[in-house]
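These notes concern the structure reproduced below.
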Amino acid sequence: MYHYTIIQWLFFFYFYCFFGWCFESAYVSLKKRCFVNRGFMRGPFLPLYGSGAIMMLVVSMPFQDHLLLTYLAGCVGATLLEYVTGVTMEALFKVRYWDYSNQKFNFQGQICLSSTLAWGGLTVLMTEVIHKPVESLTFMIPSEVLSTVTILLTGYIVSDFTLSFKAAMDLRDILVKMEKARAELVHLQKRLDVLIAVSASEWEERKQMRELKAEELRESLGERLNICKLMLQEKRAEFLKSAYRKSQILGNPGMISGKFKEVLEELKEAARDKKK
């Protein structure tokens, strides 16, 4: 059984948040062939990995002498954590930060069988290999130093998470506004297309009057169309001024959204262009 103080549990959480960030950022950066500051937060911490590591230690406590039970406990515990976290984040922010829809035996794109099996193996690796030297290193640090470092990290991470959470909520709001403006653009374009088609017909009766009215309407709709396009550009530019907001886009290249798919892709492209 693990017998740790609250400070030690917090330090383990922060350590594995950082370890997860190193792993994810390295993997995604190699895949994208450029550095990617991976994750929900701007700083070098991934809370999902820290939560997952602590969860693995907790669920494996009753089965420390049974590898198979440790493996199964890790499969169940980590999968539940991943599913609840994914569903909650999608409900809050209207985007999905990871997606398994292209994997076999997935459920709602939030979890999949291969990920579940991997979580079980990682739990065994965590309890049998990774955590033991981390635990030894932590015990070697004087309690006063450990407490000071942990408290400082707590202040920094809480601040970073708060700003990142606000940026994610801002992303949700801009997606809603951009989708509304985009729907208006589509509506105006359809009306403009209809007017052009009607004014091009060969009816003779009231032809001049009809063409005059059509021209006025076309000018009015064209002006509104340009205003909507300008508003969309301004909304994108305003959103990407914040480093935390831009980090939400660039740090999660696999982010998707069912309802706001097209406007999210527009934001991604704008963020990539601004990075160059």
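- In the displayed structure, Lys177 atom NZ is contacted under 6.0 Å by at most 12 heavy atoms of other residues, nucleotides or ligands.
- Between the side chains of Glu135 and Gln8, no donor-acceptor pair is found at a separation under 3.5 Å.
- Separation of atoms CG (Leu267) and NZ (Lys246) is listed at 13.0 Å; rounding is to 0.5 Å.
- Using a 4.5 Å cut-off between side-chain heavy atoms of Ile, Leu, Val, Met, Phe, Trp and Tyr, with links allowed through other members, Trp9 and Leu81 fall into the same hydrophobic cluster.
- Across every non-hydrogen atom of Gln110 and Trp98, the tightest pair is O-NE1, 3.2 Å.
- For Thr154 and Tyr14, the side-chain atoms include at least one donor-acceptor pair closer than 3.5 Å.
- Atoms CD1 and CD1, from Ile174 and Ile249 in turn, are 10.0 Å apart once rounded to the nearest 0.5 Å.
- From Met41, atom CE reaches atom CG of Leu48 across 12.5 Å, with rounding to the nearest 0.5 Å.
- Using modelled atom types, no side-chain atom of Arg172 and backbone atom of Lys94 make a donor-acceptor pair closer than 3.5 Å.
- Cluster membership for Tyr156 and Phe161, using ILVMFWY side-chain heavy atoms within less than 4.5 angstrom, is shared.
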For side chain to side chain contact (heavy atoms under 4.5 Å, CB included), just list the numbers for Glu266 and Met178, CA-CA rounded to whole Å, side-chain angles, deciding distance to a tenth of an Å, and then say yes or no. CA-CA 10 Å; Glu266 289 176 11; Met178 284 180 63; 3.7 Å; yes
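- Scanning all heavy atoms of the two residues, the minimum distance from Ser257 to Val95 falls at CB-CG1, 4.0 Å.
- A heavy-atom distance below 4.5 Å is not found between the side chains of Leu46 and Cys17.
- For the pair Tyr49/Glu24, a side-chain contact is recorded, criterion being any heavy-atom separation below 4.5 Å from C-beta on.
- When all heavy atoms of Gln248 and Ala168 are compared, the closest pair comes out as OE1-CB, 3.8 Å.
- By the 4.5 Å heavy-atom criterion applied to side chains, Phe15 and Thr138 are not counted as neighbours.
- The backbone N or O of Val84 lies less than 3.5 Å from a partner atom in the side chain of Thr88, making a donor-acceptor pair.
- Within a 6.0 Å sphere centred on CG of Leu137, other residues, nucleotides and ligands contribute more than 12 heavy atoms.
- The shortest side-chain heavy-atom distance between Asn37 and Phe35 falls under the 4.5 Å cut-off.
- Residues Tyr83 and Leu80 form no side-chain contact, since every pair of their non-hydrogen atoms from C-beta on lies 4.5 Å or further apart.
- Note that OG1 of Thr150 and CD1 of Ile157 are 9.5 Å apart. Values are rounded to the nearest 0.5 Å.
- Between Ser114 and Gln103 the shortest heavy-atom distance is OG-OE1, 3.9 Å.
- Taking CG from Leu146 and CD1 from Ile7, the interatomic distance works out to 7.0 Å, rounded to the nearest 0.5 Å.
- Donor-acceptor pairing under 3.5 Å is lacking for the side chains of Glu90 and Tyr97.
- In plain terms, the two heavy atoms of Phe12 and Ile54 that are nearest each other are CB-CD1, 4.0 Å.
- Between Phe40 and the options Phe45, Trp21, Phe93, a ring-ring contact (aromatic ring centres under 6.0 Å, His included) holds for only Phe93.
- Counting heavy atoms from C-beta outward, Arg245 and Leu240 have side chains that stay 4.5 Å or more apart.
- Contact check for Cys112 versus Lys104: no side-chain heavy atoms found under the 4.5 Å cut-off.
- Distance CD/Glu234 to CZ/Arg236: 10.5 Å, rounded to 0.5 Å.
- Residue Phe23 qualifies as open at atom CZ: its count of foreign heavy atoms under 6.0 Å is 12 or below.
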Between Glu179 and Lys259, is a salt bridge (charged side-chain N to carboxylate O under 4.0 Å, His left out) present by the stated rule, with each step listed? CA-CA 9 Å; Glu179 180 63 25; Lys259 185 176 181 180; over 6 Å; no
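- Closest non-hydrogen pair, Gly109 versus Ser101, comes out as CA-OG, 3.7 Å.
- Tyr244 and Asp170 are not linked by any side-chain donor-acceptor pair at a separation below 3.5 angstrom, with hydrogens and angles left out of the test.
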One pair to check against side chain to side chain contact (heavy atoms under 4.5 Å, CB included): Lys241 and Glu238. What are the steps and the verdict? CA-CA 5 Å; Lys241 282 182 180 179; Glu238 181 66 27; 3.4 Å; yes
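- In this model, a donor atom of one side chain and an acceptor atom of the other lie less than 3.5 Å apart for Thr116 and Thr79.
- Phe19 and Tyr16 have perpendicular rings, their planes meeting at more than 60° on a 0 to 90° scale where under 30° would count as parallel.
- Remark: Tyr27 OH is loosely packed, at most 12 non-hydrogen atoms of other residues, nucleotides or ligands lying under 6.0 Å away.
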Working note: Ser115 + Glu82, criterion side chain to side chain donor-acceptor pair (under 3.5 Å); need CA distance, chi angles, decisive distance, verdict. CA-CA 10 Å; Ser115 178; Glu82 187 174 38; 3.2 Å; yes
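- Linking ILVMFWY side-chain heavy atoms closer than 4.5 Å, directly or via other members, places Met126 and Phe13 in a single hydrophobic cluster.
- The number of heavy atoms from other shown groups lying within 6.0 Å of CZ (Phe18) does not exceed 12.
- Using a 4.5 Å heavy-atom threshold, the side chains of Thr70 and Asp65 count as separate.
- If you chain together hydrophobic residues whose side chains sit under 4.5 Å apart, Leu92 and Val87 never meet in one group.
- A donor-acceptor pair shorter than 3.5 Å cannot be found between the side chains of Thr123 and Trp119.
- Under the 4.5 Å side-chain heavy-atom criterion for grouping Ile, Leu, Val, Met, Phe, Trp and Tyr, Val76 is not connected to Met56 through any hydrophobic cluster.
- Crowding of Glu269 atom CD: a count of heavy atoms from other residues, nucleotides or ligands under 6.0 Å not exceeding 12.
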